[in-house]
Amino acid sequence: MRYSDEHVMLHTQRDTRISRFKGWVLVLVPLAAILFQVYIPLFFQFLAYLELPLIVTVYFALMRRSPIGGLLVGAIVGLAQDSLSKNPLGMFGITKTIIGYVAASVGQRLDVDHPLIRLILGFFFFVFHQFIFWVLSRALLGQQMNFETQRTLVLGLLNAIVAVSLFHFLDKLKERT
Amino acid sequence: MDTLLNRYRNITVLLLVIFAQLILLAYQVKNDKDVRLIRLAAVTAVTPLARAIETVRGGTDGFLQNYVLLRDARSENGRLRSELGKLKLENQFLRTELGTADRAKALGVFEARSPSKMIAARVIATATGASASAVFVDRGSTSGVEKGMAVVTPDGIVGKVLASYPTASQVLLATDPGFAAGVVSQKNHVRGILKGQGHGNCRVDYVQNEEKVETGEWFYTSGDDRIFPKGMQVGRVTVARAGNPFQEITLDPIGLANGVEEVLIVLEGVHQEIPEFKTAAQPMYIAPPVPGAAKEAQPVSASGPNRAPALTTDADKITTRYREIGAEQGHKFGENLPGSKPADFNVEPNAEPKAGEKAGAEAKPRADGETPANQRPPNAKPPAGVSPSPRSPVSPSQPKAASPAQPKPPQ
């Protein structure tokens, strides 16, 4: 598939192609992402910084191009993530709900099949996710957390690179129309 | 109306979902309660999968290691490691007991009191989140694990049980910023609160600047928090400096030093004593005295030939002198009847009588028919008219020996 720089913005409704996935993909992929996050860092601690649930949420929201669908995917994945964390339920839930909604809204306007767009979006959504979580922690829980900008930017880049590769793999699970 | 709803449908749903989660969050924070049902569902869904993956991984790894690479060396290694862990705990328990009491008492206490009841658990997953400092272990409420129980390794403390589910439990590690435990230093018994910092080290809070904490000093659990039994190792101080308003003390949690794979959950804790810090006031070697001074410094106490000579005081020397005099004059201390003639303690011990006196005394009996005092039986009464304590000329070197201020000779 060839991409041109002019084809970044979607001009017409016709350009907006909604990707569809089978039910088991929508269940198993987020579950696998959460399992990855809770199990793999036991052996490779540096992989704890990989936010696979976020990447998966962003992918489904971007591809389905439905804000309501995106926010629901985000809410479910976030709440599942909350259930396995030490945080009160809702912290990841609210964060990923917003991310899902924004990602789906962006997906309606941009050509998200473009790898460069995917890279930028992966980076942007990771930083945005961390920022929202930081705001919620301070505002709702009163935790004195520091927002480590430099670290967040570096991790955002790493997550974006992984996101591009993972998106490419997940594209193969789309239903053919 | 329909057009309006359709137009703002997306944002309305977004706000509703966020609002619902905010209420959920507020309920948990305000009541300090957890929505257990949702967590239970998630943990029950994930932990069997994690356990299955871990079993497959462990089985594959074990097969490769056991039968292909090392045959049975791995099983032996595992057995030895578990035995070592058990012995370490036992050793620590014994050490602390022996450090504060004598051996017999410590053994008696050890027999009478069993150590903490623990259950082994295996870490099967970490909690979600980039800075996750919580893990899941494969023991839950069905194994008797409850929220708030202490989690340790033979080396030191690991964390505490944050939540208990039927198949698994969530353990908050000591490095988490939300973790706190009461600790006490080994040397000066300085008390403080151990808190996680979100990375490898922990800090000890609320220690006054006036209190003395040294780098390298060990901290133990104090038992004040009612979670960790007293006397469990926590870690070693890496940094201790004055701060405002409290000291800044950083320590390395020893229980997390080698990673966490297998842990022990304390079901019933038994408090132990903090091991005493070894100071210079220990039994120390004293060299034997100079040979020439050995006789003079003969210890009064019953010291055998192989024992190290004890240091002697003036009182010891006088007692030794009286014993020698008593032995020369045939006086047996403690056996003389009341009113019997005591020994003459004014004479010099081992004093050689003058040649003429000695010869005369031996050659001819006394004119009055009396035997000399030193030849009389010890219990014989002195003759009438004879002073019961004949004073011999006192030598210049002995005036103080007979003075009333001197200690009485042993009877």
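Per chain, numbering begins at 1; letters A, B, ... match sequence-line order.
Ion pairing between Lys195(B) and Asp205(B) holds under the 4.0 Å rule for side-chain N and carboxylate O. Using a 4.0 Å cut-off between a side-chain N of Lys or Arg and a carboxylate O of Asp or Glu, Arg51(B) and Glu54(B) do not qualify as a salt bridge. The pair Asp171(A)-Arg118(A) meets the salt-bridge criterion, since a charged nitrogen lies less than 4.0 angstrom from a carboxylate oxygen.
Atom-to-atom distance recorded for Thr238(B):OG1 and Ile249(B):CD1 is 10.0 Å, nearest 0.5 angstrom.
Only the side chain of Phe136(B) comes within less than 4.5 Å of a heavy atom in chain A; its backbone stays farther off. Residue Phe36(A): no heavy atom, backbone or side chain, is found under 4.5 Å from chain B. Residue Leu50(A) does not touch chain B at all, counting heavy-atom pairs closer than 4.5 Å. Residue contact with chain A, scored on non-hydrogen atoms closer than 4.5 Å, involves the backbone and the side chain of Ile11(B) alike. Residue Leu14(B) touches chain A through both its backbone and its side chain, counting heavy-atom pairs closer than 4.5 Å. Proximity to chain A is limited to the side chain of Val29(B), based on heavy atoms less than 4.5 angstrom apart. Interface remark: Leu35(A) contributes side-chain atoms only to the contact with chain B (heavy atom separation under 4.5 Å).
Residues of residues 94-101 of chain A having a heavy atom under 4.5 Å from any heavy atom of chain B, listed by number: Ile94(A), Thr97(A), Ile98(A), Tyr101(A). Residues of residues 38-49 of chain B that come closer than 4.5 Å to chain A, counting heavy atoms only, are Ile38(B), Arg39(B), Ala42(B), Val43(B), Val46(B), Leu49(B), ordered by residue number.
Using a 30° and 60° split on the angle between ring planes, Phe167(A) and Tyr59(A) fall in the tilted class, from 30° to 60°. Using a 30° and 60° split on the angle between ring planes, Phe46(A) and Phe44(A) fall in the perpendicular class, above 60°. Between Phe131(A) and Trp134(A), the ring planes are tilted. Angles from 30° to 60° get that label.
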